[in-house]
Amino acid sequence: MSGGLDERDKRGYAVWVSEVMLQQTRVSTVIDYFKRWMNKWPTLHHLAQASLEEVNEMWAGLGYYRRVRFLLQGAKEVVEGGGRFPETVSDLRKIKGIGEYTAGAIASIAFRKAVPVVDGNVVRVISRLKTISANPKDAATVKSFWKLAGQLVDPCRPGDFNQALMELGATLCSLSNPGCAACPISAQCHVLSLSGENELVHVTDYPTKVVKAKQRHEFSAVSVVEILNCQETMGPQSSSKYILVKRPNKGLLAGLWEFPSVLLEKEADLTSRRKAVDNYLQSSFNLDLKESTRIVSRENIGECVHVFSHIRLKMYVELLVLHAKGNRSIDYKKQGKESITWKYVDNENLGNMGLTSGVRKVYTMVQKHKQTEQSTIPGRRRKTAVRR
DNA sequence: AAATCGGGGAT
DNA sequence: ATCCCAGATTT
């Protein structure tokens, strides 16, 4: 292994970051995120100084945000431990967020340990190579894949071998249209030879498909609250700002920012949605919307569906424009009883900051709505009346 | 063993 | 629309 300690740490860190980003995420998606990340935090020591808020924003849009929380936690642990960067699978496995795959990837790619990796690509290649029809998610079957991969790995160049195997699974040995004719190991592929003898056998039947749980449906009322003319915090020239709320530190999208929203029991009509939103804004922001003088406009923007692994969320979006100073009793800065965390963000910063994909979708909807409204009524300012 | 936890690209 | 991806942790 060439290079000093510093060089070694750098290699381990870069592979660690990239492999965590690559968990359940395609290479093409990761590339830009990886560049931005390494530019901001070039070494493990830089990362260890970062805050959760910072890494969350850098990660925004990548998904599975638990990954970045563990990555930051792990960086702090390694730096505070003062020890060398862990090199072996067993030491790497002790770090939160590093499972069997990531440990194998770092050990083999960064430190030339002769250990295997098993990801979705490797499962596909091996299940075809060996005609394995067992459920690939089954614990015992997973174990057998690791064993087989361990027998295959080239001890001289384990990192290159592992990456080549995954690359093969991602390209030639693809899900639905494998290029067996061009495959360098087609001669050793058992299922390919079987398919030549038996028309009922198809390469694409491997690995065996597993049935997945259906997504549950959820509904939420999203209120994009725009405050006009906020001179106190933004200076005399500013136009408006929006309220963003921080999600709870556990669960879905933990600790990430979103527009004020309430989860609905079920699909709801406009009236009940607004009732829920009003109640929420009243209790959490001390915003009394019964004072109609505060409301400049309140428009229904439309629906927006956002899909997670296990949830299909339909968001009903409205744009609620408020006067900054309508009534002295309004105190936007006062936090509600439920001690939620929130902040103001102006239009420019909202467009530039890291947002989750769902929030970005909603924001784009609102922008488009505003443009359409302006262009369809030239020279006139439309004002939607609000009557309660 | 099953559920949780994002998002997007391919089909 | 469905599948699933350079997965890991919690329940």
Side-chain angles (χ1 to χ4, degrees), chain A residues 14-34 56 59-71 73-74 92-110 115-125 127 135-143 145-146 149 159-171 173-178 204 207-216 218 247-256 258 304-313 354-361:
Chain A
V15 176
W16 185 7
V17 173
S18 64
E19 290 302 337
V20 171
M21 285 185 174
L22 285 163
Q23 291 169 7
Q24 296 291 287
T25 310
R26 287 167 206 287
V27 177
S28 55
T29 305
V30 163
I31 291 173
D32 285 341
Y33 281 91
F34 181 74
N56 266 345
W59 205 267
L62 257 188
Y64 284 150
Y65 298 91
R66 184 167 53 181
R67 293 183 290 175
V68 77
R69 197 168 61 248
F70 290 157
L71 186 54
Q73 183 184 327
L92 287 161
R93 278 295 270 111
K94 293 172 187 165
I95 298 173
K96 192 91 110 178
I98 298 187
E100 274 305 309
Y101 166 78
T102 308
I106 297 174
S108 64
I109 296 170
V115 294
V117 295
V118 173
D119 71 337
N121 293 307
V122 175
V123 166
R124 185 161 51 250
V125 173
S127 66
N135 179 352
K137 296 293 183 186
D138 177 76
T141 314
V142 169
K143 206 168 179 179
F145 278 117
W146 278 94
D160 287 341
F161 176 88
N162 285 336
Q163 293 182 83
L165 194 58
M166 292 188 283
E167 181 74 6
L168 180 64
T171 55
C173 199
S174 62
L175 184 65
S176 59
N177 191 23
T204 50
T208 304
K209 270 77 177 173
V210 290
V211 288
K212 286 185 179 169
K214 270 180 64 182
Q215 292 143 339
R216 66 173 181 269
E218 289 189 354
R247 290 178 61 88
N249 289 320
K250 290 192 173 188
L252 189 68
L253 306 169
L256 293 160
E258 65 181 6
C304 179
V305 174
H306 190 64
V307 178
F308 302 94
S309 321
H310 54 310
I311 299 168
R312 182 183 181 280
L313 175 66
L355 296 171
T356 67
S357 294
V359 174
R360 187 157 293 285
K361 274 185 195 171

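Residue numbers begin at 1 in each chain, while the letters A, B, ... track the order of the sequences.
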Heavy-atom donor-acceptor pair, A/W59 side chain to A/G63 backbone, under 3.5 Å: yes

Heavy-atom neighbours of A/K214 NZ exceed 12 at 6.0 Å: no

Any residue meeting side-chain contact (heavy atoms from CB on, under 4.5 Å) with A/N121, in chain and number order, not counting sequence neighbours: A/D119, A/R124, A/M166, A/A170

Side chain to side chain donor-acceptor pair (under 3.5 Å) partners of A/T29, counting only residues at least two apart: none

Separation between the P atoms of C/dA6 and B/dT11, rounded to whole Å: 13 Å

For A/K96, side chain to side chain donor-acceptor pair (under 3.5 Å) partners two or more places apart: none

Residues which pass side-chain contact (heavy atoms from CB on, under 4.5 Å) with A/L92, listed by chain and number, not counting sequence neighbours: A/F85, A/P86, A/I98, A/A103, A/I106, A/A107

Contact check, side chains of A/R247 and A/L252, non-hydrogen atoms, under 4.5 Å: yes

Touch class at under 4.0 angstrom, heavy-atom based, for A/Q163 against every strand present: nothing

Charged N-O contact under 4.0 Å between A/R312 and A/E218: no

Outermost nucleotides of DNA chain C that come under 4.0 Å of a non-hydrogen atom of chain A: C/dC4 to C/dT10

Sugar-phosphate, base or nothing in reach of A/R124, heavy atoms under 4.0 Å: sugar-phosphate

Protein-to-nucleotide contact annotation, 5' to 3' order, nucleotides 5-11 of chain B [B base; S sugar-phosphate only; - none; under 4.0 Å, heavy atom]: BBBBS-S

Sugar-phosphate, base or nothing in reach of A/K96, heavy atoms under 4.0 Å: sugar-phosphate

Nearest-Å distance once atom P is located in both C/dT11 and B/dG6: 15 Å

Sugar-phosphate only, base, or nothing, as touched by A/S18 at under 4.0 Å among non-hydrogen atoms: nothing

Closest-nucleotide 5' rank along DNA chain C - winner of A/G97 and A/K212: A/K212

